[in-house]
> 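Please find one structure pasted underneath; my questions will follow.
Computed from a predicted model, the values in this text were never measured in an experiment. Just so you know, ligand 1 is whichever comes first in the structure, and atom 1 is the first atom listed for that ligand.
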Amino acid sequence: MQLLKDDVVLITGGGSGLGLGIARYCQAEGAQVVIADISASKVAQLQQEFGPETLVLQCDVTRLTDLKACREAILQRHGRLNALIGAQGIFDGNVPLMQMPPERLDSLFDEVFHVNVKGYMLSARIFGDLLQASYGAIVLTLSTAAYAADGGGAAYTASKGAIRSLVNQLAFEFSPHVRVNGVAPAGIANSQLQGPKSLGLDGQKQSDIPKDAFLSMFRSLSLLQELPTPEDHGPIYGFLASKQNKIMTGQTIVADQGLLNRAVLQSLH
Ligand SMILES: NC(=O)c1ccc[n+]([C@@H]2O[C@H](COP(=O)([O-])OP(=O)(O)OC[C@H]3O[C@@H](n4cnc5c(N)ncnc54)[C@H](O)[C@@H]3O)[C@@H](O)[C@H]2O)c1
């Protein structure tokens, strides 16, 4: 039996990296996926890959009007929604707080929190009633940065910690009909995670880091030695989005290859 047979699953930030891998997995598990992303070029590319039957929408999750248009398109095409998976995010460039020009901090905070936190909150608000009606699920994306230092700078880390609390609160508010959970990945292969405009770092992507350097850094820290692909995360997200999850709500799965299970007395390699 397919895990998500006939479920309508919206993946926000599904244009590349993690969200795209999840979308591919959900479709393979029988879901009718809807992919929403801010990037017009990614949307055009994905429409080719997923075909005309799949709704692929340009949507900035920080804008209410975009989310409302996305909701209308979903209702017109499918008439329902069974799961919302939030995968969008931006990085903060990993700049230490004291090296950041104070006058840039204001806009950096707004930029990172708008995408990483407000986007999830607005999406939950706009699609919440559809998910209540379908006894559906919400799955949001954190990072190991929500649990331990040095997974990003102060803005990214704080934004991921905020999502962890948002999962707790939404699970409470949306109960008993909607299950709300989070996933906290560590490193992800093929990620195009972008830096912030406010620091002039929006031209930088995680995929710019040489693959070998990123892999060896990750291997030196994690117990399981493979850098997971976006598709590797699919089963965790797919399960939490599916009706098979009858037990978990208000929790976050730390999907970190054993990264945090270390007291770091010796290096692995
Ligand atoms: N890359 C990693 O190593 C890593 C580790 C832990 C957690 N994460 C988290 O995983 C998630 C996915 O990141 P990724 O690494 O796949 O990066 P990615 O850049 O490949 O994917 C993120 C997607 O979100 C989209 N997006 C950005 N702003 C948006 C907006 N306002 N509205 C709609 N879409 C928007 C981007 O266009 C992109 O397609 C993020 O939340 C990130 O913080 C990534």
Side-chain angles (χ1 to χ4, degrees), residues 10-24 34-46 56-67 69-70 84-94 110-123 139-148 150-153 155-164 166 182-197 202 204-209 211 214-215 217-218 221-222 227-234 236-237 252-257 259-260:
L10 167 63
I11 299 113
T12 58
S16 65
L18 179 70
L20 176 54
I22 295 167
R24 287 174 177 152
V34 178
I35 303 171
D37 201 277
I38 195 172
S39 159
S41 59
K42 290 178 186 175
V43 165
Q45 215 176 341
L46 291 194
V56 186
L57 303 165
Q58 190 179 4
C59 170
D60 177 349
V61 292
T62 68
R63 290 166 53 97
L64 209 47
T65 45
D66 283 16
L67 285 169
C70 181
L84 163 67
I85 296 177
Q88 76 277 356
I90 55 167
F91 198 49
D92 65 359
N94 202 16
D110 286 353
E111 186 182 0
V112 172
F113 269 72
H114 276 200
V115 178
N116 290 7
V117 184
K118 188 176 86 172
Y120 288 160
M121 209 188 288
L122 283 183
S123 308
V139 190
L140 304 182
T141 301
L142 294 69
S143 158
T144 44
Y147 294 85
D150 203 19
Y156 184 76
T157 299
S159 76
K160 292 299 182 180
I163 306 169
R164 187 177 169 192
L166 187 62
V183 179
I188 304 171
N190 308 323
S191 157
Q192 294 183 27
L193 196 64
Q194 225 179 329
K197 273 198 195 78
D202 48 323
Q204 289 187 3
K205 292 194 211 109
Q206 187 170 304
S207 53
D208 299 337
I209 303 170
K211 270 189 188 154
F214 194 74
L215 187 58
M217 184 266 295
F218 188 75
L221 296 169
S222 64
L227 182 61
T229 63
E231 286 75 9
D232 290 334
H233 289 84
I236 294 176
Y237 279 84
T252 295
I253 293 179
V254 180
D256 71 340
Q257 303 283 93
L259 191 81
L260 298 185

> Does the pair His233 and Leu18 meet the rule for a side chain to side chain contact (heavy atoms under 4.5 Å, CB included), with working shown?
CA-CA 7 Å; His233 289 84; Leu18 179 70; 3.6 Å; yes
> Could you check if a side-chain atom of Pro185 sits within less than 4.5 angstrom of a side-chain atom of Tyr237, using non-hydrogen atoms only?
yes
> If you measure from each heavy atom of Phe91 to ligand 1, is any distance below 4.0 Å?
no
> To the nearest 0.1 Å, how far is atom 20 (O) of ligand 1 from its closest protein heavy atom, and which atom is that?
Ser16 OG, 2.7 Å
> Regarding atom 25 (C) of ligand 1: of the candidates Ile35, Asp37, Leu20, which has the closest heavy atom?
Asp37
> Can you tell which of Lys42, Gln206, Gln58, Gln88 gets a heavy atom nearest to atom 38 (C) of ligand 1?
Lys42
> Which protein heavy atom lies closest to atom 5 (C) of ligand 1, and at what distance to 0.1 Å?
Ala186 O, 2.4 Å
> Looking only at heavy atoms, which two atoms of Val61 and Leu122 are closest? And how far apart?
O-CD1, 3.7 Å
> Are any of the N/O atoms on Gly19, whether in the backbone or the side chain, positioned under 3.5 angstrom from an N/O atom of ligand 1?
no
> In this structure, does ligand 1 have an atom that sits under 4.0 Å from one of the heavy atoms of Tyr120?
yes
> Among all protein heavy atoms, pick out the one at the shortest distance from atom 28 (N) of ligand 1; state its residue, atom name and that distance to 0.1 Å.
Val115 CG1, 3.6 Å
> Could you check atom 8 (N) of ligand 1 against the protein and tell me its nearest heavy-atom contact, residue, atom and distance included?
Tyr156 OH, 3.7 Å
> Considering only heavy atoms, which of Pro228, Gly119, Ser191 lies nearest to atom 14 (P) of ligand 1?
Ser191
> Under 4.0 angstrom from ligand 1, any heavy atom of Leu142?
yes
> Counting only nitrogen or oxygen atoms and a 3.5 angstrom limit, does Thr144 reach ligand 1?
no
> With heavy atoms under 4.0 Å as the rule, classify the contact between Cys59 and ligand 1 as side chain, backbone, both or neither.
backbone
> With distance as the sole criterion, is a donor-acceptor pair present between the side chains of Gln192 and Ser207 under 3.5 Å?
no
> Measure the OH-CD1 distance between Tyr120 and Ile163 for me, rounded to the nearest 0.5 Å.
5.0 Å
> Name the closest protein heavy atom to atom 13 (O) of ligand 1, giving the residue it belongs to and the distance to 0.1 Å.
Leu193 CD1, 3.7 Å
> Does Phe214 reach ligand 1 with a nitrogen or oxygen that is under 3.5 Å from one of the ligand's nitrogen or oxygen atoms?
no
> Tell me, which protein residue and heavy-atom name are nearest atom 34 (N) of ligand 1, and how many Å apart are they?
Ile38 N, 3.3 Å
> Just need the protein heavy atom nearest to atom 16 (O) of ligand 1, so name the residue and atom and give the distance.
Leu18 N, 2.7 Å
> Considering only heavy atoms of Gly187, which atoms of ligand 1 have at least one such atom less than 4.0 Å away?
3 (O)
> Determine whether Leu10 and Ser123 satisfy the following criterion, side chain to side chain contact (heavy atoms under 4.5 Å, CB included), listing intermediate values before the conclusion.
CA-CA 10 Å; Leu10 167 63; Ser123 308; over 6 Å; no
> Around Gln58, counting heavy atoms of other residues, nucleotides and ligands shown, do more than 12 lie under 6.0 Å from its CD?
yes
> Flag yes if more than 12 heavy atoms outside Asp208 fall under 6.0 Å of its CG atom; otherwise flag no.
yes
> If you measure from each heavy atom of Lys205 to ligand 1, is any distance below 4.0 Å?
no
> May I ask you to identify the nearest protein heavy atom to atom 9 (C) of ligand 1, giving residue, atom name and distance to one decimal place in Å?
Thr141 CG2, 3.7 Å
> Do any heavy atoms of Ala87 fall under 4.0 Å from ligand 1?
yes
